[in-house]
Asks: 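Supplied in structure tokens, the structure appears directly below.
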Amino acid sequence: MTESLLVVEALTHRYGERTALAGVSFSVRRGELFGLLGPNGGGKTTLFRILCTLTTPTEGRVLMEGGAIDRRRIGVVFQSPSLDKKLTVRENLIHQGHIYGLHSAALRSRIGELLARFGLSDRANDFVEKLSGGLRRRVELAKGLLYQPELLLLDEPSTGLDPLARRELGDYLEELCLKDGVTALLTTHTMEEADRCDRLAILDRGRLVALDTPQALKERVGGDVISVGSAKPATLREQIEKRFRVKVGVVDHMLRIERPRGHEFVPDLVEAFPGEIDSVSVGKPTLEDVFIHLTGHRFEEGGR
């Protein structure tokens, strides 16, 4: 899984005076489940539209094996539903197949394969409007894979799904990459979904701030994350930094300390400042912690 199928080179895009993307570069390996993680307004949607060839970037380029993106080699699953609710599952797939020149026995065979793959065989003749959100997402995936694309692009695919349906979707995507060799790129603001990706590109305010595996990104935090509540966070911050010579951040009026073996540090901290600490918690780094570590603000504050 070392060969790059997709290469993004110095993408910049502006809407008038607002810069939505600022020199974003990365590559996606063949057979990889690649995630674009970022808050709303971070640049994900603009980047996704460029990858889908719906938007031409102001500067930079996107290459697919050294050439321009070939729409016949990509499948797209948009955040907004694209199914016709008044048609059955099978009818939606038939119409999609016709758009891409699939007909007769070849189309029927491919539809049968996908219906079985996504557990939809017994729902093939059901109208889409009668399906749950999770089942509709399965149909969207089948639709995007109908003509066997090499690259599958998904925009916020788990939006509106309950936890079970979200996990099932993740299972399907992992299977597609591992067993079928499909390369999948998804945008997300969901940490659980991002954690299942092979690699993540983290976007904030139009810039690429990190690119690595989820585990490697968490290891950048440098230990446990200690959150401390206090009525006077600014004053306590200065006192902690002076007493223990550690860097202390303030996020949402909570003090934030990154330290190896944090559980051993907490008793010393509480003993040093009796009566000044209202609450304290210790946890292993999450992707939310990674985002704070890299940007200095919470994930939901990243958009404009």
Side-chain angles (χ1 to χ4, degrees), residues 1 4-8 11-13 19-29 31-52 62 76-80 137 151-161 163 165-167 169-174 176-177 182-222 225 251-252 256 258 283-304:
M1 201 173 68
S4 293
L5 176 64
L6 186 74
V7 176
V8 173
L11 277 191
T12 294
H13 194 71
T19 300
L21 293 173
V24 173
S25 298
F26 61 87
S27 62
V28 180
R29 301 164 184 164
E32 184 173 38
L33 177 54
F34 188 94
L36 295 174
L37 174 67
N40 293 329
K44 302 191 308 297
T45 298
T46 298
L47 180 52
F48 188 83
R49 289 182 59 83
I50 292 172
L51 296 178
C52 294
V62 180
V76 183
V77 177
F78 292 102
Q79 180 178 359
S80 300
R137 262 307 182 210
L151 175 64
L152 182 64
L153 304 174
L154 307 102
D155 188 20
E156 305 279 1
S158 65
T159 297
L161 299 185
R166 190 178 299 125
R167 286 193 295 272
L169 175 62
D171 292 341
Y172 289 130
L173 292 178
E174 287 182 356
L176 285 172
C177 295
V182 173
T183 303
L185 180 149
L186 61 88
T187 69
T188 184
H189 63 271
T190 303
M191 299 301 172
E192 178 186 357
E193 193 169 44
D195 246 325
R196 301 187 67 163
C197 293
D198 295 315
R199 287 192 302 148
L200 281 175
I202 299 181
L203 296 173
D204 181 46
R205 297 172 182 174
R207 298 184 180 278
L208 179 67
V209 296
L211 172 60
D212 216 324
T213 66
Q215 183 58 38
L217 289 169
K218 293 173 189 177
E219 290 172 357
R220 293 190 187 188
V221 173
V225 177
V251 180
D252 287 349
R256 186 175 180 279
E258 298 172 7
K284 296 297 180 184
T286 65
L287 288 175
E288 171 78 18
D289 294 316
V290 171
F291 189 84
I292 294 172
H293 176 82
L294 294 170
T295 68
H297 58 82
R298 288 198 178 279
F299 193 76
E300 61 268 19
E301 298 170 0
R304 297 183 177 183

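The figures here come from the full heavy-atom set of this structure, side chains too, leaving out hydrogens, waters and symmetry mates.
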Asks: Do you know which two heavy atoms are closest between Leu6 and Leu51, and how far apart they sit?
Replies: CD2-CD2, 4.1 Å
Asks: Under the criterion side-chain contact (heavy atoms from CB on, under 4.5 Å), I'd like the reasoning laid out for Arg166 against Thr190: C-alpha separation, chi angles, the key distance, then a yes or no.
Replies: CA-CA 10 Å; Arg166 190 178 299 125; Thr190 303; 4.1 Å; yes
Asks: With respect to Glu174, which candidate in Leu33, Leu169, Asp198 satisfies the side chain to side chain contact (heavy atoms under 4.5 Å, CB included) definition?
Replies: Leu33
Asks: Test salt bridge (Lys or Arg N to Asp or Glu O under 4.0 Å) on Asp195 and Lys218; report intermediate values, then the result.
Replies: CA-CA 10 Å; Asp195 246 325; Lys218 293 173 189 177; 2.9 Å; yes
Asks: Determine whether Leu161 and Arg167 satisfy the following criterion, side-chain contact (heavy atoms from CB on, under 4.5 Å), listing intermediate values before the conclusion.
Replies: CA-CA 9 Å; Leu161 299 185; Arg167 286 193 295 272; over 6 Å; no
Asks: Does a side chain donor of either Asp155 or Thr187 reach within less than 3.5 Å of an acceptor in the other side chain?
Replies: yes
Asks: Identify whether the distance between the nearest side-chain nitrogen and carboxylate oxygen of Arg256 and Asp289 falls below 4.0 Å.
Replies: yes
Asks: Is it the case that atom CZ in Arg207 sees more than 12 heavy atoms from other parts of the structure closer than 6.0 Å?
Replies: no
Asks: Tell me, with the steps shown, if Leu186 and Leu173 meet side-chain contact (heavy atoms from CB on, under 4.5 Å).
Replies: CA-CA 10 Å; Leu186 61 88; Leu173 292 178; 3.8 Å; yes
Asks: Quick check: do His189 and Asn40 have side-chain heavy atoms less than 4.5 Å from each other?
Replies: yes
Asks: Would you say the side-chain atoms of Glu193 and Thr188 include a donor-acceptor pair closer than 3.5 Å?
Replies: yes
Asks: On the 0 to 90° scale, with breaks at 30° and 60°, tag the Phe26-Phe34 ring pair as parallel, tilted or perpendicular.
Replies: parallel
Asks: Taking the side chain as every heavy atom from C-beta outward, state whether Ile50 and Leu11 have any pair of such atoms under 4.5 Å apart.
Replies: yes
Asks: Check the pair Val77, Arg137 against side-chain contact (heavy atoms from CB on, under 4.5 Å), reporting the backbone distance first and the verdict last.
Replies: CA-CA 9 Å; Val77 177; Arg137 262 307 182 210; 3.5 Å; yes
Asks: Report yes if the side chains of Arg220 and Leu294 come closer than 4.5 Å at any heavy-atom pair, otherwise no.
Replies: yes
Asks: So, Asp252 and Arg298, do they make that salt bridge, N to O below 4.0 Å?
Replies: yes
